Structures are given as C-alpha cells and as structure tokens.
*Asks:* 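Structure incoming, see below.
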Amino acid sequence: MKFRARRLEEFSTYAFAELDRVKDEVARTRRVIDMGVGDPDFPPPKEIQGALVVSLGDINTHRYPSYQGNPRLRESIVRFFLNRFKVKLDPDKNVLVLIGSKEGIFHFPLAVLNPGEVGAYTEPGYPVYRAGIVFAGGVPHPIPLREENNFLPDPDAIPENTKLVWVNYPNNPTSAVATYEFFTHLVELAHQRGFIIANDAAYSEIYFGEPPLSILQIPGAMDVAVEFHSLSKTFSMTGWRVGFMVGNPDAVASMLTLKKYVDSGVFGAVQESARTALDNYFILSDDIRKIYQRRVRKWLSALKEAGIEGKNFGATFYVWAKIPENFESSAKFCEHLLRKTGIVALPGSAMGPSGENFVRFSMTLPDRDIEAGISRLLSEKIT
Ligand SMILES: Cc1ncc(COP(=O)(O)O)c(C=O)c1O
C-alpha cells in the first residue's frame with residue numbers, strides 16, 4: 001500500500017480471519033450466538049440517560065470542554081474514589097477525564113516513555129497496551145499470566161530496565177483479581193527500580209463478591225502508579241466514550257500536556273451523565289452486577305455439564321475456559337464449537353500466546369440467547 005507508514009506493518013494482519021469466515025458460513029444456516037465480544041447488551045440506567053438530556057439545555061454543554069475534564073466531574077471522581085476505595089485524590093493533581101479508557105491507555109506511553117525504553121505488559125491481555133508502547137517507539141516486553149499463579153504475573157519477570165508496567169485487574173480475559181500482596185509487591189518493586197505502574201481497572205465495578213482493590217489503596221502507590229477507569233462496563237456506556245485516569249501527579253500532568261495536542265475532551269453532556277453515574281455508582285451498578293453474576297453462574301454450570309473446565313474469579317463478565325485436550329489449539333476448538341453449536345467464543349491466543357489452550361466467553365448477550373446457547377451446548381457432543 002502506497003500511503004501507509006511502516007509502523008502499521010505489524011498491525012495489518014488479522015490472525016482470525018478464518019474464524020470470521022466460518023462465522024459467516026454458519027450464519028447462513030442458523031442464528032449465531034456471539035459470546036466473542038465484551039459489549040453490554042442493555043442500555044445505561046434511565047437516570048444516566050436523563051442527565052444527558054437535561055444537560056443539552058445548557059449552552060455550556062455545547063462548547064469546547066475543559067482539557068482535564070469538567071471540574072464538577074472531577075469532584076465526583078474524587079468522591080467516588082473516597083467512598084469506594086477510601087483513597088483521597090486531589091481533583092486538580094490526580095485526576096484526568098478520558099475519551100474512554102482506551103484513549104488513555106493508548107496515549108499513556110507517549111506521555112511517559114522515551115523511544116527505546118522498555119514498556120512491560122501482561123499477556124494474554126487487551127491489545128492496546130502493546131500497541132501504545134510500540135507507537136510511542138518503546139520496546140514492548142510481554143509478561144505471561146499463568147494459571148498456576150492465578151493469572152497474576154511474576155514480578156521478578158519484569159526486566160531490570162523497565163520504565164512502564166501495565167497490569168490489568170480485574171483482568172480481561174482471565175477474570176483474575178489482584179491480591180493485596182501482589183499489588184504491594186509490585187509497588188515496592190516500582191519504588192526500588194523507578195518504573196511507573198499503570199493498572200487498567202476498566203472492570204473494577206463488575207464483581208460478584210469482595211469488591212476488587214484499587215492499586216492506589218497500597219501505601220506508597222501514589223508515588224509510582226496510575227489507574228485507568230471506565231464507565232463503559234460499569235454502567236453499560238461503551239458507546240458514550242468516557243473514562244478517567246487517576247494517580248501520580250507527574251504522570252497525570254504529562255498526560256494532560258500530551259492530550260492538549262490530541263483532543264479537546266469529552267462532550268459536556270456525557271460528562272454530566274458520568275457525574276450522575278458516579279454520584280450514584282452503587283445503586284446504578286448493582287443491578288448490572290446481578291445480571292452478570294446470574295449469567296456467569298449459568299454458563300459455568302452448563303460448561304461443566306458439557307465437560308469443559310470454565311472459571312470466573314468473581315469479577316468481569318467473562319468466563320475463561322480450558323479447551324478439551326483433544327484439540328490442538330484454541331482457534332481450532334472455537335471453529336469446532338461454532339460449527340457444532342453456532343456459538344462464537346474468543347480464542348485465548350487472540351489476546352496473546354499465553355492465552356493458547358483457553359477460550360473466553362463473554363456474558364454480554366441477552367439471557368434468552370444464553371439459554372439458547374446452553375441448550376445447544378448440552379445437546380451436542382463438544383469434547
Ligand atoms: C481490559 C480493557 N481495558 C480497557 C477497555 C476499554 O474500555 P473503554 O475505552 O470503553 O473505557 C476494554 C474494553 O473492552 C477492556 O477490555
């Protein structure tokens with residue numbers, strides 16, 4: 001291609017084109033039940049929608065938003081953090097509103113990493129960690145997540161010269177949650193070695209037992225860590241594009257400098273809705289948690305009945321399952337499952353080599369589709 005920069009080369013090929021082809025083929029004869037993508041199937045609560053509509057009546061809503069985020073939204077973020085995590089933030093120094101957490105995750109290495117410096121990230125994982133490091137001219141260093149460590153990385157696997165370490169808890173795709181001990185170890189290491197930790201906490205409010213930790217709850221974390229939050233999953237707002245970054249003041253200031261040249265903030269009405277969501281976060285997210293918990297439980301027991309070992313560690317709307325031994329790869333198993341049942345799952349290897357031999361099922365589809373999936377799963381011999 002003539003008008004294409006070399007830096008795009010490694011991002012041009014799509015490894016799962018074959019699976020998409022099979023999906024189209026199956027869709028010609030039966031309804032496909034898509035558990036491949038994590039995108040909520042129901043709208044945000046009415047209160048959040050209402051706040052958007054009311055905000056449209058205010059002229060200030062339609063003007064350029066503030067780069068750092070509406071001060072009133074930043075105050076709501078501070079209150080949310082205090083109530084939910086017992087962590088005190090300064091709205092001017094520790095908080096930055098993002099156009100969805102993806103935007104911040106991608107741009108963060110550009111703000112803190114120099115070309116040639118090492119950025120570590122866990123895999124299997126959200127592909128944007130690696131992409132952000134590569135586009136910033138950094139050297140990406142994957143750290144595997146393994147079942148025997150409950151999908152927590154071994155901090156000793158972080159190279160000596162690392163400047164940035166991405167972790168993601170609660171984790172997509174494994175659903176693992178971080179322990180206090182793990183976060184503490186990581187924070188201590190960051191102090192010793194001088195790297196910055198970025199925890200992607202996009203799923204922090206999708207939990208079914210103990211609420212997951214923020215890394216900022218660890219003593220000393222504010223000196224060495226930032227955390228990325230999202231309203232997308234918590235309040236079913238994926239299309240609205242709003243999230244935020246909190247933590248180390250230098251890192252927040254660096255991101256703000258960068259973003260002043262990248263974008264002009266989040267639409268004011270969306271920020272007003274985000275305020276309503278966060279000011280009432282527990283009430284507005286509790287029904288959503290219950291829906292996912294019910295679905296996760298149902299799907300886990302169906303998998304068990306079908307002879308497949310699935311797991312959810314009490315957070316995220318994903319079920320992470322081991323492929324049966326007689327399949328050579330997770331992609332091959334996904335193809336078999338799709339042909340036999342019309343159910344789409346994500347091959348674990350799509351999110352990194354250590355995801356091989358696992359598949360991810362997302363519970364973001366209506367209950368009736370999950371029920372249909374269960375009866376298809378149990379009426380076919382899958383393993
Ligand atoms: C682990 C993880 N982080 C971040 C995001 C991005 O979320 P958003 O940009 O909607 O806030 C996603 C979306 O799927 C995700 O799975």
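Whatever order the structure lists ligands and atoms in, that order sets their numbers, starting from 1. From a predicted model like this one, the values you see are computed outputs, not experimental measurements.
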*Asks:* What are the atoms of ligand 1, with element, lying closer than 4.0 Å to any heavy atom of G100?
*Replies:* 9 (O), 11 (O)

*Asks:* Mind running side chain to side chain donor-acceptor pair (under 3.5 Å) on T276 and E47 for me, showing each step along the way?
*Replies:* CA-CA 7 Å; T276 299; E47 292 84 342; over 6 Å; no

*Asks:* Applying a heavy-atom cut-off of 4.0 Å, say which part of L98 lies close to ligand 1: side chain, backbone, both or neither.
*Replies:* neither

*Asks:* Does even one non-hydrogen atom of F228 get within less than 4.0 Å of ligand 1?
*Replies:* no

*Asks:* Just heavy atoms, cut-off under 4.0 Å: does V128 contact ligand 1 by side chain, backbone, both, or neither?
*Replies:* neither

*Asks:* Under 3.5 Å, is there a donor-acceptor pair between the E380 and T341 side chains?
*Replies:* no

*Asks:* Measure centre to centre between the rings of Y121 and H141, then say whether the value is under 6.0 Å.
*Replies:* no

*Asks:* So is T238 in contact with ligand 1, going by heavy-atom distances below 4.0 Å?
*Replies:* no

*Asks:* Given N172, I105, T316, T234, which has its nearest heavy atom closest to atom 16 (O) of ligand 1?
*Replies:* N172

*Asks:* How far is atom 7 (O) of ligand 1 from its nearest protein heavy atom, and which residue and atom is that?
*Replies:* S101 OG, 3.3 Å

*Asks:* Hey, which of F108, Y129, F244, F106 is the one that makes ring pair (Phe, Tyr, Trp, His ring centres under 6.0 Å) with F228?
*Replies:* F108

*Asks:* State the atoms of ligand 1, each with its element, that fall below the 4.0 Å cut-off from a heavy-atom position in Y203.
*Replies:* 1 (C), 2 (C), 14 (O), 15 (C), 16 (O)

*Asks:* Using a 3.5 Å distance criterion without hydrogens, assess whether the side chain of Q217 forms a donor-acceptor pair with backbone atoms of S214.
*Replies:* yes

*Asks:* Just wondering, more than 12 heavy atoms not from R30 lying within 6.0 Å of its CZ?
*Replies:* yes

*Asks:* Are F235 and Y281 close enough that their ring centres sit under 6.0 Å apart?
*Replies:* no

*Asks:* Give yes or no for whether the N/O distance cutoff of 3.5 Å, strictly under, is met between K102 and ligand 1.
*Replies:* yes

*Asks:* Can you sort out which atoms of ligand 1 are near A202, meaning under 4.0 Å from one of its heavy atoms?
*Replies:* 3 (N), 4 (C)

*Asks:* Testing Y169, Y292, Y126, Y318 for ring pair (Phe, Tyr, Trp, His ring centres under 6.0 Å) with Y203, which one passes?
*Replies:* Y318

*Asks:* Measure from the side-chain N and O atoms of Q68 to the backbone N and O of L256, and report whether any donor-acceptor pair falls under 3.5 Å.
*Replies:* no

*Asks:* Taking only heavy atoms of S232, which atoms of ligand 1 are found under 4.0 Å from at least one of them?
*Replies:* 8 (P), 10 (O), 11 (O)

*Asks:* Tell me, please: is K233 in heavy-atom contact with ligand 1, that is, under 4.0 Å?
*Replies:* yes

*Asks:* Below 4.0 angstrom from a heavy atom of R241, which ligand 1 atoms are there? Numbered from 1 as shown, please.
*Replies:* 8 (P), 9 (O), 10 (O)

*Asks:* Closer than 4.0 Å to some heavy atom of D200 - which atoms of ligand 1 meet that?
*Replies:* 1 (C), 2 (C), 3 (N), 4 (C)

*Asks:* Tell me which protein heavy atom sits closest to atom 11 (O) of ligand 1, plus the residue, atom name and distance to 0.1 Å.
*Replies:* S230 OG, 2.6 Å

*Asks:* Treating K381 as the side-chain partner and T383 as the backbone partner, does any N or O pair qualify as donor plus acceptor under 3.5 Å?
*Replies:* yes

